[in-house]
Every structure is written in C-alpha cells, then in structure tokens.
Undergrad: 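Can you keep this structure in mind? I'll have questions shortly.
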Amino acid sequence: MLYNTLDVAIFYMEKSNMDMALHILRSMSSFFKLSLGKGEPLHSIRTELSHITYYMQLQRLCRGKEIELFTDIPESLMEIKIPRITFQPIIENAYLHAFQGTINDGWIKIGVSRKREMDKSVLHICIMDNGMGMDEVKKETIEAGLHSEKCGENCYGLWNVYRRLKLYYGESCRMSLESEFGEYTKVILAIPEEEENVQSDDY
C-alpha cells in the first residue's frame, strides 16, 4: 500500500494538483502514526476506528473504492482497549477479496457488543461486508488455515490477526467466519475482557 499511495501522490504532483497530493499524504501520515501507536500494544476501539477510516480514505483516493463504513458500537465500549491493528487487516482482506477488481462500491459494517459467557465478560466484534462472499468449501478451507501453524492461501490478514490475539489472550479468544457466495462475509471475533473494564450495570 505504501508504494502505491506514494506513486499516486507523485502522479498528482506531476499534474500540478497539489491539493489532492497533500490530501493523500496527510491521510497516509495519519494512518501510519496510528499504526505505530507510539509503541503501545493496545488501542481503544475508538482509535481502531480512526485507523481504518484513514485506510478506507486512502483506498477511495488512490483506487476509487467507494466503500461505505457503518458502525454499531455503544459509546460505553468505545474506550475498551484491544490489541493494536486488529480491525485494519480484516478490512484490508475485504478490499482484496470481497471488493476486488472492478467492484468499487459496497459497504462494511462493524458491530461490537458485550456478552456474558461462563461468568466472563466477552467482547463480540463482527466485521461484515456485502462483497463477493464465498462458498462453503472456500470458507471451511480458510477457517482450517486459521488454526494451522502456517498461513494458508488467501487468509494472511485473518491468520495474522488471530495469531496475535491468541498470543495476547491465549485459547480463550475465538475467530469464526460466516459467508454466502455473492452476498456477504462476516468475520466474528470473541475476545475476553478485563473485568475492571466492565460496569456492573451493563447486564
């Protein structure tokens, strides 16, 4: 993404469209600042949303991908912290596979909720797109790849996110997929929450 974005910025500079070039470079700068996160391993959900907003803005400016972002996240969960760069690889996976080629419009929706499982508080994060989807065979192949020691084909972003979550939370976190060819894909994360973040009146 870095080289492609810089190439597009240079193109606009050569065309004397400095406003567009600056817009792209500022978005890229903000994206990478949030990616680095000052070395902090965790980001708030609010910061994760800002990070993917810059990513999607660059996709629109540089590739013409007019993908809309919708969210369904209670304000009370916005400051909950999760491992840095959890959302972006999943969103990038949607651009690469759900909205590939000449598919330039669609939507991505992120929902976050808190549930009680086995007397523990668990964050459920659902990232859904209305792109190409996949059949059951492909979905099962990707899910099997998520649980392997090495990354399977076409699932590096998902595999990397799941691997990092497991390093942080152990086997208590989960990732699953739902999809229907030609309709949608959902990536669903279940992340155990630190009990000090949970307000007693949430249940």
Undergrad: Does Y162 have more than 12 heavy atoms from other residues, nucleotides or ligands lying within 6.0 Å of its OH?
TA: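 Yes, the 6.0 Å shell around OH holds more than 12 heavy atoms from other groups.
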Undergrad: Give a yes or no answer on whether the side chain of T47 reaches the backbone of H43 with a donor-acceptor pair at less than 3.5 Å.
TA: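 Looks like no, no N/O pair under 3.5 Å.
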Undergrad: Start with the C-alpha distance between I127 and K109, add both sets of side-chain angles, then the distance that settles side-chain contact (heavy atoms from CB on, under 4.5 Å), and finish with yes or no.
TA: CA-CA 6 Å; I127 301 179; K109 181 178 179 179; over 6 Å; no
Undergrad: Look at the side chain of S179 and the backbone N and O of Y184, then say whether any donor-acceptor pair between them is shorter than 3.5 Å.
TA: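 Present.
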Undergrad: Nearest 0.5 Å, what's the CG-CG distance between N160 and L146?
TA: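 The CG atom of N160 sits 11.0 Å away from the CG atom of L146.
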Undergrad: Once you round to the nearest 0.5 Å, how far does CE of M128 lie from CD1 of I90?
TA: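 If we round to the nearest 0.5 Å, M128:CE and I90:CD1 are 14.5 Å apart.
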Undergrad: Given the side-chain rings of Y55 and Y95, with only the six-membered ring counted for Trp, is the space between their centroids under 6.0 Å?
TA: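 So the answer is yes for these two rings.
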Undergrad: Output yes when a side-chain donor or acceptor of R114 lies under 3.5 Å from a complementary backbone atom of S121, and no otherwise.
TA: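 No, the answer is negative, given that no donor and acceptor are paired below the 3.5 Å cut-off.
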Undergrad: Quick check: is L69 connected to F87 through a chain of hydrophobic side chains (ILVMFWY, heavy atoms under 4.5 Å apart)?
TA: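 They do share one cluster, since a chain of ILVMFWY contacts under 4.5 Å joins F87 to L69.
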Undergrad: Does the side chain of P192 reach to within under 4.5 Å of the side chain of C173, using non-hydrogen atoms?
TA: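 Answer yes - side chains close enough.
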Undergrad: Please determine whether side-chain contact (heavy atoms from CB on, under 4.5 Å) holds for the pair V161 and V187, giving the CA-CA distance in whole Å, both sets of side-chain angles, and the decisive distance to 0.1 Å.
TA: CA-CA 11 Å; V161 168; V187 178; over 6 Å; no
Undergrad: Given side-chain contact (heavy atoms from CB on, under 4.5 Å), test M175 with I188 step by step and report yes or no.
TA: CA-CA 6 Å; M175 175 185 284; I188 303 163; over 6 Å; no
Undergrad: As a quick check of understanding, evaluate side-chain contact (heavy atoms from CB on, under 4.5 Å) for R46 and H51, giving each step before the final call.
TA: CA-CA 9 Å; R46 192 185 307 278; H51 188 226; over 6 Å; no
Undergrad: Only one of L189, L42, L123 forms a side chain to side chain contact (heavy atoms under 4.5 Å, CB included) with I82, so which one is it?
TA: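 One option only clears the test, and that one is L123.
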Undergrad: Any chance you could measure N104, atom CG, to F99, atom CZ, to the nearest 0.5 Å?
TA: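 Answer for the CG-CZ pair, N104 versus F99, is 10.5 Å.
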Undergrad: Rounded to the nearest 0.5 Å, what's the gap from NZ on K81 to CD1 on I191? Could you check?
TA: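 Answer for the NZ-CD1 pair, K81 versus I191, is 15.0 Å.
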Undergrad: Does this structure show an ion pair linking K139 with E136, if we count only N-O contacts that are shorter than 4.0 Å?
TA: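 Yes, this pair counts.
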Undergrad: Starting from L165, can I reach L158 by hopping between I/L/V/M/F/W/Y residues whose side chains sit under 4.5 Å apart?
TA: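 Same cluster: L158 reaches L165 through Ile, Leu, Val, Met, Phe, Trp or Tyr contacts under 4.5 Å.
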Undergrad: When rounded to the nearest 0.5 angstrom, what is the spacing between CG in D129 and CD in E183?
TA: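 So the CG of D129 and the CD of E183 are separated by 11.5 Å.
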Undergrad: Do the charged groups of E117 and R174 touch, with an N to O distance under 4.0 Å?
TA: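 Judged by the 4.0 Å cut-off on N to carboxylate O distance, E117 and R174 do form a salt bridge.
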Undergrad: Can you tell me if N93 uses its side chain to pair, donor with acceptor, with the backbone of G157 under 3.5 Å?
TA: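 Checking the backbone N and O of G157 against the side chain of N93, no donor-acceptor pair under 3.5 Å is found.
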Undergrad: So does R84 pair up with E40, basic N to acidic O under 4.0 Å?
TA: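 Looking at E40 together with R84, the answer is no, because their closest N to O distance does not fall below 4.0 Å.
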Undergrad: Among side-chain atoms of H97 and E92, is any donor-acceptor pair under 3.5 angstrom?
TA: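 No - no donor-acceptor pair under 3.5 Å links their side chains.
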Undergrad: S29 side chain to L25 main-chain N or O, any donor-acceptor pair under 3.5 Å?
TA: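 No, S29 side chain to L25 backbone: no donor-acceptor pair under 3.5 Å.
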Undergrad: Pairs in or reaching into residues 47-70: which pass salt bridge (Lys or Arg N to Asp or Glu O under 4.0 Å), with residues at least two apart or in two chains?
TA: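 Sorted pair list comes back empty.
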Undergrad: Scan residues 163-182 for pairs that pass ring-ring contact (aromatic ring centres under 6.0 Å, His included), counting only residues two or more places apart or in two chains.
TA: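 The answer is none; no pair qualifies.
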Undergrad: For R164 and W159, indicate whether the former's side chain and the latter's backbone hold a donor-acceptor pair under 3.5 Å.
TA: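 No; zero donor-acceptor contacts below 3.5 Å.
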Undergrad: Closer than 3.5 angstrom, by distance alone: can the side chain of E180 be matched with the main-chain N or O of D135 as a donor-acceptor pair?
TA: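 Checking the backbone N and O of D135 against the side chain of E180, no donor-acceptor pair under 3.5 Å is found.
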Undergrad: Honestly curious: do I108 and M134 fall in one hydrophobic cluster under the side-chain, below-4.5 Å linking rule?
TA: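 Yes.
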Undergrad: To the nearest 0.5 angstrom, please state how far the CG atom of L77 sits from the CD1 atom of I45.
TA: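 So the gap between those two atoms works out to 6.0 Å.
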Undergrad: Report whether I80 and I73 are members of the same hydrophobic cluster (ILVMFWY, side-chain heavy atoms less than 4.5 Å apart, transitive linking).
TA: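 Yes; I73 is reachable from I80 via cluster members.
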Undergrad: Would a hydrophobic clustering, with Ile, Leu, Val, Met, Phe, Trp and Tyr connected at side-chain separations under 4.5 Å, put I110 with L177?
TA: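 Yes, I110 connects to L177 through the hydrophobic network.
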Undergrad: Has S148 got a side-chain atom pairing as donor or acceptor with G145's backbone, closer than 3.5 angstrom?
TA: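 Indeed, once roles are kept as given, a pair shorter than 3.5 Å links the two residues.
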